[in-house]
Amino acid sequence: MPSSHDFSTRAIHSGQSFDPTTGAVIPPIYQTSTFVQDGIGGFRGGYEYARGGTPTRTSLETLVADLEGAKHGFSFGSGLAGEDTLLRAVLAPGDHVIMGNDVYGGTHRLVNRVFVPWGIELDTVEMTDLDAVRASIRPNTKVLWLETPSNPLMKISDIAALVEIGHAAGVLVVVDNTFASPYLQNPLADGADVVTHSATKYLGGHSDVLGGAVVLNDDELAEKIGFLQFAVGPVSGPMDAWLTTRGIKTLAVRMERHSSNAQAIAEALVAHPAVERVYYPGLSTHPGHEIAARQMRAFGGMISVGLAGGAAAARAFAESTELFQLAESLGGVESLISYPSEMTHASVRGTALEVPANVTRLSVGIEGVDDLLSDLLSTLDRVNAL
Ligand code: PLP
């Protein structure tokens, strides 16, 4: 697919070719574990065994790489499976990782509880403080890992500035682009080395599939990741790869609507007396607003809300909305609410990554914005009256 085509066009057509046997417009789900050989080693389409690859997985990998402007794309059975594979490909015992201090709790748990016991050193740093990042780099630092917007405090890191710091020290810069999606932000274009996704979120977009993606330009690192993907097997199955590909076709229109709904909701929540603070980069008062405006196309569908009434009010809010369903995860067409300190970020309680107990997180869906506003504001009125 020519890179001159618009994002929406590429999201629908890249990596997709109609089925030559039947003419079906949508490529079939190749639900097979193995491929017949015309004599030993005679592979018809280059496929041998599904752990090594399937046409359905290739479609998705081609598509995600194209949308992120990358040469290589890999898809996995979950976001964490992709992160694990990438880190195995890059790290050896004795290496040092620097991670943002409010990355997804599961990413911190992966490094802290799986890689640290294996001999990796980990520091968590405030990624919006460039001097602190610079000061945390050591001779053995291999990876600088950031999320922007971050989960759940919606901090914005300056990707280009962090890339400059990382590259000056020969450090690989990895951006978890899950919250923004490739429609809103392309970190490789800002100089990052690797982009990861939990495809479970905006890429899939319908809360019906678990998946991950890793994209990059470097041939040597891509070869190592491809080898591990085959040798270890954390791959996405054909059905999951197909569902993710289908989800991505509408990514551009979904992200526009997620963003406009979230902007209206963030602006309304700021004015409510039950609310102490709204964390949303689309608000001009957000400390990262200008950086976000520079590196993102719009501000996304994720908002965190700090309640004036503390933990009790936050719990009551999260448990009382109707359209916003209480659940882990994000990025689906339907709105969700969560209480990070006891849900997504329970694993980082007691660490520097602990989330304030008065914070709830909204994944704003693409429903009618007036319905969403009325659900949130009427619930906040009730919480305020408690
Ligand atoms: N990165 C971010 C920002 C996430 O929010 C998540 C999951 O919530 C992950 C990575 C992990 O992805 P998965 O749950 O698909 O393994």
Side-chain angles (χ1 to χ4, degrees), residues 60 64 68 74-88 97 99-115 124 127 143 145-157 159 174-182 184-185 187 192 194-215 229 232-237 239-241 243-244 247-248 255 258 279 281 296 300-304 326-332 336-348 353 355 359-364:
L60 173 59
V64 178
E68 284 288 12
F74 298 92
S75 89
F76 296 90
S78 71
L80 282 174
E83 295 181 14
D84 175 64
T85 306
L86 167 65
L87 290 170
R88 281 171 196 254
V97 174
M99 189 166 265
N101 65 3
D102 71 337
V103 296
Y104 168 60
T107 300
H108 180 263
R109 179 180 54 209
L110 172 68
V111 179
N112 197 36
R113 306 256 317 260
V114 178
F115 283 89
T124 51
M127 285 285 167
V143 172
W145 186 291
L146 58 126
E147 265 177 48
T148 180
S150 70
N151 180 6
L153 297 180
M154 308 301 296
K155 289 184 196 162
I156 299 295
S157 310
I159 298 172
V174 180
V175 179
D176 180 336
N177 203 25
T178 299
F179 267 38
S181 90
L184 297 185
Q185 176 173 279
V194 185
V195 166
T196 66
H197 280 282
S198 169
T200 315
K201 312 300 187 312
Y202 288 109
L203 291 178
H206 296 75
S207 306
D208 54 8
V209 65
L210 204 63
V214 174
V215 303
Q229 196 191 33
V232 181
V235 297
S236 48
M239 184 70 194
D240 288 352
L243 278 171
T244 307
I248 291 173
M255 292 317 294
H258 283 297
Y279 303 80
M296 299 177 77
M302 298 302 298
I303 305 176
S304 286
L326 178 64
E328 307 256 352
S329 206
L330 61 112
L336 299 178
I337 188 165
S338 72
Y339 184 55
S341 61
E342 288 184 25
M343 294 171 67
T344 46
H345 287 62
S347 67
V348 292
L353 282 78
V355 177
V359 167
T360 56
R361 191 188 74 182
L362 305 177
S363 172
V364 177

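For the single chain, residues carry numbers from 1 onward in sequence order. All values below come from the heavy atoms of this structure, side chains included, with hydrogens, waters and symmetry mates left out. In listed order, ligands and their atoms are each counted from 1.
Here the OG atom belonging to Ser198 is positioned 8.0 Å from the CD atom belonging to Glu83, to the nearest 0.5 angstrom.
Of the possible polar contacts, one joining the Gln185 side chain to the Thr148 backbone as a donor-acceptor pair under 3.5 Å is found.
With Trp145 as the fixed residue, the side chain to side chain contact (heavy atoms under 4.5 Å, CB included) test singles out one of Val175, Leu86, Val194: Leu86.
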Point to revise | Steps toward side-chain contact (heavy atoms from CB on, under 4.5 Å) verdict (Phe115, Leu110) | key: CA-CA 7 Å; Phe115 283 89; Leu110 172 68; 4.0 Å; yes

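Protein residues with a heavy atom closer than 4.0 Å to ligand 1 are Ser78, Gly79, Leu80, Glu83, Tyr104, Glu147, Asn151, Asp176, Thr178, Ser198, Thr200, Lys201, Gly211, Leu330, listed by chain and number.
Under the 4.5 Å side-chain criterion, counting only non-hydrogen atoms from C-beta, Phe74 is not in contact with Thr85.
Under the ring-ring contact (aromatic ring centres under 6.0 Å, His included) criterion, Phe76 pairs with no residue, sequence neighbours left out.
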